[in-house]
Amino acid sequence: MKVGVIVFPGSNCDRDMQWVFQGLLGLPTRMVWHQDSDLGDLDAIVIPGGFSYGDYLRCGAIARFSPAMRSVIEAAEQGKPVLGVCNGFQILTEAGLLPGALIRNQNLHFVCDRVPVKVERSARLWTEGYAAGQVLNLPIAHGEGRYYADPDTLKQIEDKGQVLFRYEGSNPNGSWNQIAGICNDRGNVLGMMPHPERAADAALGNTDGLALFQAMTAALVSV
């Protein structure tokens, strides 16, 4: 069982992800350069935060066409777990693996803070380690994190229970319906703006994000 972390020029959370999976959970973890298209040895794939390709054009727009992402799309279609955090979430929407888009924050400012995030439901692959309605304290750091979808798409993902995380109380970026994280219809692809990897190690004083990675690991072990 092996996890892959895609590394783009401008990624800055790739080593954080590697530490969680390899350092804390003991899973073999391969750092995958964006030009590498051979992902056949991977059981799960993570697209980390950062500024892929400098976020030129718009966040994730160039990364979407990388050789690695073409293989990520194939892996997702095969049912393998794919997690995208922050810039990774943006890339997943650009690649069409998740509906909607991430646009400029409502106040047009970059936000860096810790915010309360509510778990909408307990889903086996991602949030089994949490209780529905549980509120987590997770870091955010983004300038284009405002989730947007047309009304029909928004209704569809709400009706199908694809919203897994929602900002609790204040809405730090103006996301529609306070959406902080969604999965695809099949449930194997998750994108979220808050950073669970920055809240996974007790040395940082917060482990609210660790259960997400533990649930993902448990799902892989049981396959």
Side-chain angles (χ1 to χ4, degrees), residues 3-8 10-25 27 29 31-32 34 42 44-53 55 59-60 63-64 66 68-69 72 75-76 80-95 97-98 100-102 105 110-115 117 119 123 125-127 129-130 136-147 162-167 172-173 175 179-184 187-201 204 206-217:
V3 176
V5 179
I6 310 298
V7 182
F8 298 99
S11 295
N12 62 18
C13 297
D14 46 331
R15 300 296 172 180
D16 303 66
M17 288 293 187
Q18 181 187 37
W19 170 249
V20 172
F21 285 106
Q22 188 167 291
L24 297 180
L25 300 179
L27 290 181
T29 305
M31 308 304 281
V32 181
H34 66 116
L42 302 177
I45 301 168
V46 179
I47 307 174
F51 304 91
S52 57
Y53 299 99
D55 278 348
C59 300
R64 178 263 179 273
S66 67
M69 277 306 300
V72 170
K80 292 185 179 182
V82 176
L83 170 65
V85 174
C86 201
N87 190 225
F89 188 6
Q90 296 162 342
I91 295 170
L92 289 176
T93 60
E94 288 287 339
L97 288 175
L98 290 174
L102 283 308
N105 294 344
F110 185 92
V111 294
C112 183
D113 204 351
R114 288 182 180 270
V115 299
V117 177
V119 179
L125 181 57
W126 305 110
T127 56
Y130 301 114
L136 314 176
N137 183 27
L138 297 179
I140 57 171
H142 55 254
E144 294 85 15
R146 183 184 183 189
Y147 183 78
Q162 290 176 238
V163 179
L164 295 188
F165 297 100
R166 212 182 297 270
Y167 299 111
N173 51 35
S175 287
I179 290 174
I182 63 171
C183 65
N184 63 343
N188 64 306
V189 179
L190 169 65
M192 58 189 299
M193 288 310 296
H195 287 268
E197 79 282 6
R198 296 184 183 179
D201 192 331
L204 300 177
N206 181 3
T207 58
D208 282 4
L210 183 59
L212 183 144
F213 300 105
Q214 291 172 328
M216 180 179 175
T217 301

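Taking CZ of Phe89 as the reference point, atom CD of Glu94 lies at 11.5 Å (rounded to 0.5 Å). Going from atom CD1 of Ile182 over to atom CE of Met192 covers 12.0 Å, rounded to the nearest 0.5 Å. Distance check: Phe165 CZ to Trp126 CH2 gives 9.5 Å after rounding to the nearest 0.5 Å. In this structure, the separation between CG on Asp201 and CG on Leu210 is 8.5 Å, given to the nearest 0.5 Å. Note that the CG atom of Asn105 and the NE2 atom of His142 stand 4.5 Å from one another [nearest 0.5 Å].
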Worked check of side-chain contact (heavy atoms from CB on, under 4.5 Å) between Val46 and Thr29: CA-CA 10 Å; Val46 179; Thr29 305; over 6 Å; no

Please lay out, stage by stage, how Asn87 and Phe51 fare under the test side-chain contact (heavy atoms from CB on, under 4.5 Å). CA-CA 7 Å; Asn87 190 225; Phe51 304 91; 5.7 Å; no

Show, in sequence, the C-alpha distance, side-chain angles and deciding distance for Trp19 and Leu24, and conclude whether the side-chain contact (heavy atoms from CB on, under 4.5 Å) test is met. CA-CA 6 Å; Trp19 170 249; Leu24 297 180; 3.6 Å; yes

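Applying the side-chain hydrogen bond (donor to acceptor under 3.5 Å, both in side chains) criterion to Ser175, with sequence neighbours excluded, gives Asn173. Under the ring-ring contact (aromatic ring centres under 6.0 Å, His included) criterion, Tyr53 pairs with Phe8, His34, sequence neighbours left out. Contacts of Arg166 classified as side-chain hydrogen bond (donor to acceptor under 3.5 Å, both in side chains), with partners at least two apart in sequence or in another chain: Glu120, Glu158. For Phe21, the ring-ring contact (aromatic ring centres under 6.0 Å, His included) criterion is met by Phe213, not counting sequence neighbours. Contacts of Ala76 classified as side chain to side chain contact (heavy atoms under 4.5 Å, CB included), with partners at least two apart in sequence or in another chain: Val82, Leu97, Asn188, Val189.
Contact of the Ile47 side chain with the Met69 side chain is registered, since non-hydrogen atoms from C-beta on lie closer than 4.5 Å. No side-chain heavy atom of Cys59 sits less than 4.5 Å from a side-chain heavy atom of Leu102. Between Leu83 and Leu212, some side-chain heavy-atom pair lies under the 4.5 Å cut-off. Taking the side chain as every heavy atom from C-beta outward, Val5 and Pro48 approach each other to under 4.5 Å. Ile140 places a side-chain heavy atom less than 4.5 Å from the side chain of Pro172.
Closest non-hydrogen pair, Ile91 versus Ala63, comes out as CD1-CB, 3.7 Å. Closest heavy-atom contact between Ile6 and Ala68: CG2-CB, 4.1 Å. Closest non-hydrogen pair, Pro81 versus Met216, comes out as CB-CE, 4.2 Å. Here the shortest heavy-atom pairing between Cys86 and Gly49 reads CB-CA, 4.2 Å. Residues Arg64 and Ala95 come closest through the heavy atom pair CG-CA, 3.4 Å.
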Which donor-acceptor pairs under 3.5 Å do side chains of residues 193-200 form with protein atoms, sequence neighbours excluded?
from	atom 1	to	atom 2	distance (Å)
His195	ND1	Glu197	OE2	2.6

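Panel note: side chain Asp208, backbone Leu136; no donor-acceptor pair is recorded below 3.5 Å. Judged purely by atom type and a 3.5 angstrom limit, Asn137 has no side-chain atom pairing as donor or acceptor with the backbone of Asn206. Here the side chain of Lys80 pairs no donor or acceptor atom with the backbone of Ile45 at under 3.5 angstrom.
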